[in-house]
Q: 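Mind having a look at this structure? Questions to follow.
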Protein chains: 2
Amino acid sequence: MNLDFGKLGGLVPAVIQDSTTGRILMVGFMNEESFIKTVETGFATFYSRSRNKLWMKGETSGHRLAVRDISTDCDQDSLLLRVEPLGPGVCHEGYQSCFYRTLENGEWVISENRTYDPDLTYGSQT
Amino acid sequence: MNLDFGKLGGLVPAVIQDSTTGRILMVGFMNEESFIKTVETGFATFYSRSRNKLWMKGETSGHRLAVRDISTDCDQDSLLLRVEPLGPGVCHEGYQSCFYRTLENGEWVISENRTYDPDLTYGSQT
């Protein structure tokens, strides 16, 4: 299961794709420990760069990502995980996908509606 | 068109998705200059970390990536480009997608055939 974690200081980007719809839901980063945890548990687990710790997606919201298959690229420095998302949305902002903004005439425009209320799921951020 | 280039030393990962099939073709990195060039030209242009320079995908092979739309994520630190790939494959190894290896029982297994001969396209690597 060798991967090249050296190019980004111990991390590789991990693209999360809905295995049913093909939609890209998010991009996270994995270190070797989180990658192994992902493989062992079957649920996508990332390394949080801001919190400096492992983070199983959905540990707070319950919106976990059940892994269907994992691919790597030619240089073995990126991962693609096709998943079944549990719950109405992946993005902590309340959207199905974190990629809810599209470039239109030089501006990022929100191109879809929320699928859940993040305040009800995560509570107020204190 | 603000993006957060600060988390990875001036770069953001850019996921390249076939706009017709939904397949993920590759993951590259963009700095601000290559992102602007991508928007201006309509062809995906990356920053090569190994060569330390801008690199329009397909400048050698002709297998350019015509951009259909561009999205960013909630943190504005990743990009998703849906593209029309020109040519039989995106990967310099001769495959349609760089993600031609899938994890099976702890081993990376090549899960598809090449779509072109990279030696004929790129010549011998000297």
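In what follows, chains carry the letters A, B, and so on, assigned in the order in which the sequence lines appear, proteins first and then strands, with residues in each chain numbered from 1. Fair warning: this is a prediction, and the values are worked out from it, not measured in the lab.
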Q: Do you know which of B:Cys98, B:Cys91, B:Gly22, B:Gly9 has the most heavy-atom pairs with chain A at a distance under 4.5 angstrom?
A: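 Option with the greatest count: B:Cys98.
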
Q: Hey, quick one: are A:Val83 and B:Val27 part of the same hydrophobic cluster, counting side-chain heavy atoms closer than 4.5 Å, chains of contacts allowed?
A: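 Per the 4.5 Å side-chain linkage, A:Val83 and B:Val27 are not co-clustered.
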
Q: Counting heavy-atom pairs under 4.5 Å with chain B, which one of A:Ser111, A:Ser97, A:Pro13, A:Gly106 comes out on top?
A: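 Of the options given, most contacts go to A:Gly106.
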
Q: What about A:Phe5 and A:Val39, same hydrophobic cluster or not, with Ile/Leu/Val/Met/Phe/Trp/Tyr joined at side-chain heavy-atom distances under 4.5 Å?
A: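 Linked, A:Phe5 and A:Val39 end up in one cluster.
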
Q: Specify the closest pair of heavy atoms between A:Leu79 and B:Phe99, including all atoms of both residues, with the distance to one decimal.
A: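 For A:Leu79 versus B:Phe99, the nearest heavy atoms are C-CE2, 3.8 Å.
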
Q: Return the minimal non-hydrogen interatomic distance between B:Phe35 and A:Leu103, and the atom names on each side.
A: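 Heavy atoms of B:Phe35 and A:Leu103 come nearest at CZ-CD2, 4.3 Å.
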
Q: Under a 4.5 Å side-chain heavy-atom rule over Ile, Leu, Val, Met, Phe, Trp and Tyr, are B:Val67 and B:Met56 clustered together?
A: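 No, no single cluster joins them.
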
Q: Show the numbers, then the answer: is there a side-chain contact (heavy atoms from CB on, under 4.5 Å) between B:Asp69 and A:Glu104?
A: CA-CA 9 Å; B:Asp69 53 57; A:Glu104 291 183 20; over 6 Å; no

Q: Relative to chain A, which of B:Met26, B:Gln17, B:Arg101 shows the most heavy atom pairs under 4.5 Å?
A: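 Looking at each of B:Met26, B:Gln17, B:Arg101 in turn, B:Arg101 comes out on top.
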
Q: Quick check on A:Asp77 against chain B: is it the side chain, the backbone, both or neither that has a heavy atom closer than 4.5 Å?
A: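 Just its side chain gets close to chain B.
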
Q: Given B:Ile70 and A:Thr102, is the side-chain contact (heavy atoms from CB on, under 4.5 Å) satisfied, shown in steps?
A: CA-CA 6 Å; B:Ile70 304 177; A:Thr102 304; 6.0 Å; no

Q: Kindly compute the distance separating OG (A:Ser71) from CD (B:Glu112), expressed to the nearest 0.5 Å.
A: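 The CD atom of B:Glu112 is 8.5 Å from OG of A:Ser71, to the nearest 0.5 Å.
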
Q: Is there a continuous path of hydrophobic side-chain contacts, each under 4.5 Å between heavy atoms, that joins A:Leu80 to B:Leu80?
A: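 Per the 4.5 Å side-chain linkage, A:Leu80 and B:Leu80 are co-clustered.
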
Q: Could you go through B:Asp73 and A:Tyr95, starting from their C-alpha distance and side-chain angles, then the distance that decides it, and tell me whether this counts as side-chain contact (heavy atoms from CB on, under 4.5 Å)?
A: CA-CA 10 Å; B:Asp73 66 351; A:Tyr95 295 91; over 6 Å; no

Q: For A:Leu3, which atoms come within 4.5 Å of any heavy atom of chain B: side chain, backbone, both, or neither?
A: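 It is the side chain, since no backbone atom gets that close.
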
Q: Is there a chain of hydrophobic side chains (I, L, V, M, F, W, Y, each step under 4.5 Å between heavy atoms) that links B:Leu81 to B:Trp55?
A: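 Yes, one cluster joins them.
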
Q: Output yes when a side-chain donor or acceptor of B:Glu93 lies under 3.5 Å from a complementary backbone atom of A:Asp75, and no otherwise.
A: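 Between the backbone of A:Asp75 and the side chain of B:Glu93 there is no qualifying donor-acceptor contact (under 3.5 Å).
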
Q: To the nearest 0.5 Å, tell me how far A:Cys74 SG sits from B:His92 NE2.
A: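 Result: 5.0 Å between the selected atoms.
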
Q: Calculate, to the nearest 0.5 Å, the distance between atoms CG and CG belonging to A:Leu11 and B:Leu8 respectively.
A: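 The distance works out to 8.0 Å.
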
Q: For the CG atom on B:Asn113, are there more than 12 heavy atoms of other groups (residues, nucleotides or ligands in this structure) within a distance under 6.0 Å?
A: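 It does not: B:Asn113 CG has 12 such atoms or fewer within range.
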
Q: Select one option (side chain, backbone, both, neither) describing which atoms of A:Arg49 are under 4.5 Å from chain B's heavy atoms.
A: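 The side chain, not the backbone.
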
Q: Show the numbers, then the answer: is there a side-chain contact (heavy atoms from CB on, under 4.5 Å) between B:Trp108 and A:Asn2?
A: CA-CA 8 Å; B:Trp108 296 112; A:Asn2 282 343; 5.5 Å; no

Q: Kindly check if the number of other-residue, nucleotide or ligand heavy atoms within 6.0 Å of CD (B:Gln76) is above 12?
A: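 Buried by this count: over 12 neighbours within 6.0 Å.
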
